[in-house]
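Side chains included, hydrogens not; waters and symmetry mates left out as well; all remaining heavy atoms used.
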Amino acid sequence: QVQLVESGGGSVQAGGSLRLSCAVYSDTYSSYYMGWFRQAPGKEREGVATLATSGITSYYAESVKGRFTISKDNAMNTLYLQMNSLKPEDTAMYYCAAGNLYGVRWTLVRSQYNYWGQGTQVTVSS
């Protein structure tokens with residue numbers, strides 16, 4: 001079983017930065033691939049960034065590439081999402097997710113994640 005708890009959301013002006021954190025409560029944290037998703041009102045939940053079990057390979061949605069960075073600290077059992085150059089269209093609830101499907105190393109596909117956090121709100125004003 002895995003429990004995920006996000007923090008770090010808030011309100012910022014366009015061009016600003018935020019760092020989201022996801023505390024991972026699991027004895028086998030390093031065996032999961034991890035991801036950040038977001039959902040804006042009236043829209044589907046979309047994958048933003050994913051980090052492979054190796055902690056080395058990462059992949060980003062085109063809309064955030066070059067602005068967001070996913071990383072993890074295995075010693076602290078924490079996943080991060082550094083968000084720079086924020087835009088109003090980044091406004092959404094952000095969710096941390098963990099998955100361990102056989103044969104999957106990293107993914108932005110929502111259905112391939114087993115565990116989800118409760119979300120943290122990010123609001124970017126123009």
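Side-chain atoms of L86 and F68, non-hydrogen and from C-beta on, do get closer than 4.5 Å to each other. With a 4.5 Å cut-off on side-chain heavy atoms, E46 and R38 count as touching. The side-chain heavy atoms of E6 and L20, taken from C-beta on, include no pair separated by under 4.5 Å. Proximity of V24 to M34: side-chain heavy atoms (C-beta onward) are separated by under 4.5 Å at one or more points. L51 places none of its side-chain heavy atoms less than 4.5 Å from the side chain of W36. Two residues are said to be in side-chain contact when any heavy atoms from C-beta on lie closer than 4.5 Å; Y60 and L108 fail this criterion.
Transitive grouping of hydrophobic side chains (ILVMFWY, heavy atoms separated by less than 4.5 Å) brings I70 and V2 into a common cluster. There is a path of hydrophobic side-chain contacts, each under 4.5 Å, that joins V64 to V124. In the hydrophobic cluster analysis, where Ile, Leu, Val, Met, Phe, Trp and Tyr join through side-chain heavy atoms closer than 4.5 angstrom, M93 is grouped apart from V122.
Smallest separation of non-hydrogen atoms from Q82 and S17: NE2-CB, 4.0 Å. In terms of heavy atoms, S125 sits closest to P88 at C-CG, 4.5 Å. Residues Y32 and S26 come closest through the heavy atom pair CE1-OG, 3.9 Å.
Checked by atom type and distance alone, the side chain of W106 never pairs as donor or acceptor with a backbone atom of G35 at under 3.5 Å. In this structure, Q39 contributes its side chain and A92 its backbone to no donor-acceptor pair below 3.5 Å. Between the side chain of Y80 and the backbone N or O of T69 there is no donor-acceptor pair closer than 3.5 Å. In terms of modelled atom types and a separation under 3.5 Å, the side chain of N114 and the main chain of N100 share a donor-acceptor contact. In this structure, T120 contributes its side chain and Y94 its backbone to no donor-acceptor pair below 3.5 Å.
N77 meets the side-chain contact (heavy atoms from CB on, under 4.5 Å) test with Y29; sequence neighbours excluded. A search for ring pair (Phe, Tyr, Trp, His ring centres under 6.0 Å) contacts involving Y25 returns nothing, not counting sequence neighbours.
Once rounded to the nearest 0.5 Å, the distance linking OG of S126 with NZ of K87 reads 13.5 Å. Between the CG atom of D90 and the OG1 atom of T123 there is a distance of 11.0 Å, given to the nearest 0.5 Å. In this structure, the separation between CG on L79 and OG on S71 is 7.0 Å, given to the nearest 0.5 Å. Considering OG of S7 and CD of Q118, their distance stands at 8.5 Å, rounded to 0.5 Å. Here T53 contributes atom OG1 and K72 contributes atom NZ; the two are 7.0 Å apart, rounded to the nearest 0.5 Å.
Residue Y59 qualifies as open at atom OH: its count of foreign heavy atoms under 6.0 Å is 12 or below. Annotation for K65: atom NZ counts as buried by contact number, over 12 foreign heavy atoms lying within 6.0 Å.
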Evaluate Y33 against T57 for side-chain hydrogen bond (donor to acceptor under 3.5 Å, both in side chains), listing each step before the verdict.
CA-CA 10 Å; Y33 50 85; T57 302; over 6 Å; no

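Relative to the ring axis of F37, R110 does not place its NZ or CZ within 45° and under 6.0 Å from the centre.
Annotation: disulfide (SG to SG under 2.5 Å) contacts involving residues 66-107, sequence neighbours excluded, comprise C22-C96.
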